[in-house]
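Everything numeric here is computed off the predicted structure, so don't read it as measured data. Chain letters run A, B, ... following the sequence lines, proteins first, then strands; residues in each count from 1.
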Amino acid sequence: MSILKSEYYPQEFEEKRVESWVKNKIFKTFDDSDKPKYYALSMFPYPSGKLHMGHVRNYTITDVIARFKRMNGFNVLHPMGWDSFGLPAENAAIERGADPAEWTDKNIAYMKGQLNRLGLSVDWDREATTCKKDYYKWTQWLFLQLYKNGLAYKKMSPVNWCENCATVLANEQVIDGKCWRCDSPVTKKNLSQWFLKITDYAEVLLEDLDKLEGWGDNVKTMQRNWIGKSKGAMLKFKVKEIEGLEIPVFTTRPDTVYGITYLVVAPEYPDIEKLTSPENKKAVEEYRENAKKLSEIERLSTERIKTGVPLGTHIINPFNGRVCPIWAADYAILDYGTGAVMAVPMHDERDFDFATKYNLDKITVISGGDGKNCYTEPGVLVNSEQFNGMKNEEAKSKIVEYAKEQGFGDFKTQFRLRDWLISRQRYWGAPIPIVYCEKCGMVPVPDSDLPVCLPKDVDFSVKGKSPILTSKTFEDTTCPVCGAPAKRECDTMDTFMCSSWYYLRYSDARNTNKAFDKKLVDKWLPVDQYVGGIEHAILHLLYSRFFTKALKNLGLLSFDEPFKNLLTQGMVLKDGSKMSKSKGNTVDPDEIFRNYGADTARLFILSDSPPARDFDWSDAGVEGCYKFLSRVWRLYSKYQDNIKLEPQIPQNLNKNDEKLVRETYISIQKITNDIENEFQFNTVISRYREFTNEIYDYIKDENNINYDVLSFALVSLLKLLSPVAVFMTEEIWEKLGGKGSIHEQAWLKFDEKKAQASEVTFVVQINGKVRDKFEAGVDEDKEALIERAKNCERIIPYLDGKEIVKIIVVPKKLVNIVVK
RNA sequence: GCUCCAGUGGCGGAAUAGGUAGACGCGUUGGACUUAAAAUCCAAUUAGGCUCACCCCUAGUGCCAGUUCAAGUCUGGCCUGGAGCACCA
């Protein structure tokens, strides 16, 4: 009697399976286990409403890894959660009058259903949702730990401002002068804001990148660029007109100090008013006003012609006593180095352009150029007094040493990385747990008063200020120290704060007394395999590394890097371009589940490209995967009554039997290796197909089927497929009478010897070109192989009348005869 | 400008440690089954040449050199595309 239908109808069993998996919590992870731990993690989603194909790709990859590791005897932690604070919820509130919390909950519920429908083996008992009080309580607590240890501070400074989002942004969130979220131009505003001292960790964040062998070079390079270390010198220049005033300058080219002809300060330079002479005051003020009006995009444009204005004052070059004018120019940036630049027109392109435009002096101090154009290559010092004749690379340190002796300079390492601006003037985020008291000043909210909850009585329609300020209940409070009336901090935290520690929370997600237990976090972390999009190469991945290092220094953790291995998956494209609603080329996962089932979606999203590369979605490809699964299904349906779950391979096998047994071992070996080696799922799936083709080949001769041999192949295929086609394999396993879930079975062992044929094809080459082939045993003697090669029918003519110079024999591969 | 990655048929992509280039799939073409279609199965599919049937020959992994018995793979120099950084002093 047939139990398995003859045709593959995933719709008939996939959803039922989901229900029972969720109900029975078969993927629950326990902390106490003798097995070694393995932590597989996907970057958690923002609950925007519906899954997109990028999610499907991301989570399928991680899920297959989790299942593979589970079958290989690991105690696997594979959690999921929601990066659920952030502007979209607030915008929904503004546009539709929805409560951000309700809007978010609704989205989470729907997307959770989709994740289950996709067949993810997630332990939902560890779900973390960043916008829930039981989570953001600990985000706030962690902020306070950083604050109490001097790693969080508030300061007034020019910051990035997005008019459209009505909030400040971190440097990492400004892409080409535009807001990362809404693409509108970013301007500078002078505001008092909260920062985290990520710059304290610049050096170690950079150095430790070398330890991250499991990260791709692309991500590491991006982080290196972003941290931007440069070695150089800090030099101090006395101002001629003002006694006691010095301008410090950072330079990477101390070898060119004798070529300085002027000095530039940024328009926002703090001392600029002091440095302006009375007769230049008007012009300078005008210039600064104009500079302010420029947007970041305009200002940062390298094509723009540099502008500036002289301040009327001068510096004295301490090396040669030369008096040089001070200019304000917007090619100097306030927050890099000291905001002031020494200008050497002959050896710096920017200075050269500027000096040419404003007719400033140019002095050659490095030989090698033509004396007319700017020369930035290496050379020998000239016009540099006692340093003349020295190679410029050598002069760099010599000159700084000299400056150090004389007391006007020193070596200096400068980083491009700025402190992380974490306060936001928005509602839907974790409130910063600080109270301002007139008497006591800035007071942290005591742990016992956490969480500081978001108010409900807010008006989202306000313009120009944070909605949180419309609450009648939030801002006014009492001072935790003296009890006097006080004001709350009304800014909330950047959502990247919440996502900088969620992977720690999963280790102990239901803890109500702590953010996480140290023992548990040390047991599970670091993450063994992290999977996510390249767009977080800097933002999330850098912040999380910083958090981990900071929390380790606070004694909360014992490890200093959060993610041991990182896989950055490529984008999902359709017709060659990124899927997007505006282009109308999106594919709805629900529709794929409905029409083909989740197994087809999983199989396809892993099939065509290696995970790190972009993946081009095609309807034909989906169809092809569905057909493949149907083809596999028919095998089991046809032989369901003959399949033995524990087959015994007999001793005396015929050639076909032997071949199928060997192909089975080859499949186990190749699939195992390809998963272990960089998760090359595309070749894993090729092998599924090849193996299936082999099985079809075997059953062609219906009268000569050995059911032990066939069962061995079919049961192996089922297990090999189980991490990918999770529903189908479970359905078949159950119907064949397998014990428990197929997902709890042990992975297959392979025997390299059994995966090897006794006979192989040897290629015969003449001077490296293939001319003939022959079959021979793997262990055949070298001389015998040469003899066989020489006597090949098509080889003989090539040897006729030629001298054999050399013969190379490569075991199991080829014989190459070199003739003259 | 600096840094990183990639370039292989009509397409996505294979090719342990240098050893039969084009696995597997998509597409296309032809065939079987069928009244017909769908589904399924079988075959062909880098280009050019040949007594284009069997064989066989030549060229071929962005370009130019080099190392080697042998190069998609290694070395040097380019070209193209993508990504990141960038008036960073």
Looking at A:Asp361 and A:Arg322, is any side-chain nitrogen of the basic one under 4.0 Å from a carboxylate oxygen of the acidic one?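 Yes, this pair counts.
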SB check A:Arg253 A:Asp255 (cutoff 4.0 Å):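 Here A:Arg253 pairs with A:Asp255 in a salt bridge, since their nearest N and O are under 4.0 Å apart.
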Quantified in whole Å, what is the [atom1] atom distance between nucleotide [N] and nucleotide [M]?
{"N": "B:U34", "M": "B:A44", "atom1": "P", "answer": "24 Å"}
{"N": "B:U46", "M": "B:G22", "atom1": "C1'", "answer": "8 Å"}
{"N": "B:U73", "M": "B:C56", "atom1": "P", "answer": "27 Å"}
{"N": "B:C57", "M": "B:C4", "atom1": "P", "answer": "44 Å"}
{"N": "B:C85", "M": "B:A70", "atom1": "C1'", "answer": "42 Å"}
{"N": "B:G9", "M": "B:U29", "atom1": "C1'", "answer": "16 Å"}
{"N": "B:G13", "M": "B:U61", "atom1": "C1'", "answer": "13 Å"}
{"N": "B:C63", "M": "B:G12", "atom1": "C1'", "answer": "25 Å"}

Roughly how many Å is it from [atom1] in [X] to [atom2] in [N], rounded to a whole number?
{"X": "A:Arg416", "N": "B:A89", "atom1": "CZ", "atom2": "C1'", "answer": "14 Å"}
{"X": "A:Tyr269", "N": "B:A89", "atom1": "OH", "atom2": "C1'", "answer": "14 Å"}
{"X": "A:Arg794", "N": "B:C57", "atom1": "CZ", "atom2": "P", "answer": "6 Å"}
{"X": "A:Arg613", "N": "B:C4", "atom1": "CZ", "atom2": "C1'", "answer": "16 Å"}
{"X": "A:Glu676", "N": "B:U16", "atom1": "CD", "atom2": "P", "answer": "17 Å"}
{"X": "A:Leu606", "N": "B:G13", "atom1": "CG", "atom2": "P", "answer": "15 Å"}
{"X": "A:Trp180", "N": "B:C85", "atom1": "CH2", "atom2": "P", "answer": "14 Å"}
{"X": "A:Asp348", "N": "B:C88", "atom1": "CG", "atom2": "C1'", "answer": "11 Å"}

RNA chain B: 5'-proximal contact among A:Pro610 and A:Ile175 (nearest heavy atom):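 Per heavy-atom nearest nucleotide, the more 5' residue is A:Pro610.
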Judged by each residue's nearest nucleotide on RNA chain B, which is more toward the 5′ side, A:Arg418 or A:Lys769?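 Result of the comparison: A:Lys769.
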Hey, are [Y] and [X] close enough side-chain-wise for a donor-acceptor pair under 3.5 Å?
{"X": "A:Glu775", "Y": "A:Thr761", "value": "yes"}
{"X": "A:Thr356", "Y": "A:Lys362", "value": "yes"}
{"X": "A:Tyr798", "Y": "A:Arg771", "value": "yes"}
{"X": "A:Asn682", "Y": "A:Ser607", "value": "no"}
{"X": "A:Asn160", "Y": "A:Asn171", "value": "yes"}

Quiz question: going by heavy-atom distance under 3.5 Å, is there a donor-acceptor pair between the base of B:C2 and the side chain of A:Arg224?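 Per atom types, no contact qualifies.
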In Å, rounded to the nearest 0.5 Å, how long is the span from CZ of A:Phe354 to CH2 of A:Trp327?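 Between atom CZ of A:Phe354 and atom CH2 of A:Trp327 there are 5.0 Å.
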To the nearest 0.5 Å, tell me how far A:Thr413 OG1 sits from A:Glu203 CD.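 Those atoms lie 6.5 Å apart.
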Face-on cation placement of A:Arg689 at A:Phe628 ring, 6.0 Å and 45° thresholds: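 Pair A:Arg689/A:Phe628 counts as cation-pi.
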Looking at A:Tyr8, is A:Arg634 sitting on its ring face, NZ or CZ under 6.0 Å from the six-membered ring centre and within 45 degrees of the normal?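 A:Arg634 over A:Tyr8 ring: no.
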Selected nucleotide, minimal atom distance to [X] side chain, candidates [options]:
{"X": "A:Ala620", "options": "B:A89, B:C26, B:G13", "result": "B:C26"}
{"X": "A:Asn225", "options": "B:C55, B:G84, B:G13", "result": "B:G84"}
{"X": "A:Gln680", "options": "B:C69, B:A15, B:C56", "result": "B:A15"}
{"X": "A:Val341", "options": "B:C69, B:A89, B:A59", "result": "B:A89"}

For A:Tyr798, answer base if it contacts any base atom (sugar-phosphate contacts may also be present), sugar-phosphate if it contacts only those atoms, and nothing otherwise; contact means non-hydrogen atoms under 4.0 Å.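 It contacts sugar-phosphate atoms only.
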A:Trp180 vs A:Phe496 aromatic rings, parallel, tilted or perpendicular, using cut-offs 30° and 60°?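 Correct class here is tilted.
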Does a side-chain heavy-atom distance below 4.5 Å link [X] with [Y]?
{"X": "A:Lys802", "Y": "A:Asn767", "result": "no"}
{"X": "A:Glu663", "Y": "A:Tyr698", "result": "no"}
{"X": "A:Leu541", "Y": "A:Gln223", "result": "yes"}

Where does RNA chain B pair, written as one dot-bracket string 5' to 3', with Watson-Crick or G-U pairs under 3.5 Å, ( ) inside the strand, [ ] for crossing pairs and | for another strand? (((((((..(((......[....)))((((((.......))))))((((......))))..(((((..]....))))))))))))....
Listed pairs, N/O of protein and of nucleotides 18-25 of chain B, under 3.5 Å:
unit_1: B:G19; atom_1: N2; unit_2: A:Gln765; atom_2: OE1; d: 3.2
unit_1: B:G19; atom_1: N2; unit_2: A:Asn816; atom_2: ND2; d: 3.3
unit_1: B:U20; atom_1: O2; unit_2: A:Lys773; atom_2: NZ; d: 3.0
unit_1: B:A23; atom_1: O2'; unit_2: A:Glu690; atom_2: OE2; d: 2.7
unit_1: B:A23; atom_1: N1; unit_2: A:Ser686; atom_2: OG; d: 3.3
unit_1: B:G25; atom_1: OP1; unit_2: A:Asn693; atom_2: ND2; d: 3.3

What residues in residues 212-220 of chain A put a non-hydrogen atom under 4.0 Å from any atom of RNA chain B?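 Within residues 212-220 of chain A, the residues near RNA chain B are A:Asp217, A:Asn218.
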Is there a salt bridge (Lys or Arg N to Asp or Glu O under 4.0 Å) between A:Lys5 and A:Glu12? Walk through the geometry before answering. CA-CA 11 Å; A:Lys5 291 203 174 171; A:Glu12 290 183 356; 3.2 Å; yes
Is any side-chain nitrogen or oxygen of [X] closer than 4.0 Å to OP1 or OP2 of [N]?
{"X": "A:Arg350", "N": "B:G1", "answer": "no"}
{"X": "A:Ser230", "N": "B:A89", "answer": "yes"}
{"X": "A:Lys306", "N": "B:C87", "answer": "no"}

Would you please name every residue forming a salt bridge (Lys or Arg N to Asp or Glu O under 4.0 Å) with A:Lys700, sequence neighbours left out?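 A:Asp697.
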If you take the centroid of each ring, where Trp contributes its six-membered ring, are A:Phe762 and A:Phe774 closer together than 6.0 Å?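 Between A:Phe774 and A:Phe762, the centre distance is under 6.0 Å.
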Is the A:Phe408-A:Phe237 ring centre distance short of 6.0 angstrom?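 A:Phe408 vs A:Phe237: aromatic centres not under 6.0 Å.
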Using a cutoff of under 3.5 Å, can you pull out all pairs of nitrogen or oxygen atoms linking the protein to nucleotides 36-44 of chain B, with atom names and distances?
unit_1: B:U40; atom_1: O3'; unit_2: A:Arg634; atom_2: NH2; d: 3.3
unit_1: B:C41; atom_1: OP1; unit_2: A:Arg631; atom_2: NH1; d: 2.6

Would you mind building the protein contact string for nucleotides 73-83 of chain B? One character per nucleotide, 5' to 3', B for base within reach (heavy atoms under 4.0 Å), S for sugar-phosphate only, - for untouched. -----------
Chi-based syn or anti call at B:G76, which uses purine or pyrimidine torsion atoms and a 90° bound: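 Base orientation relative to the sugar is anti.
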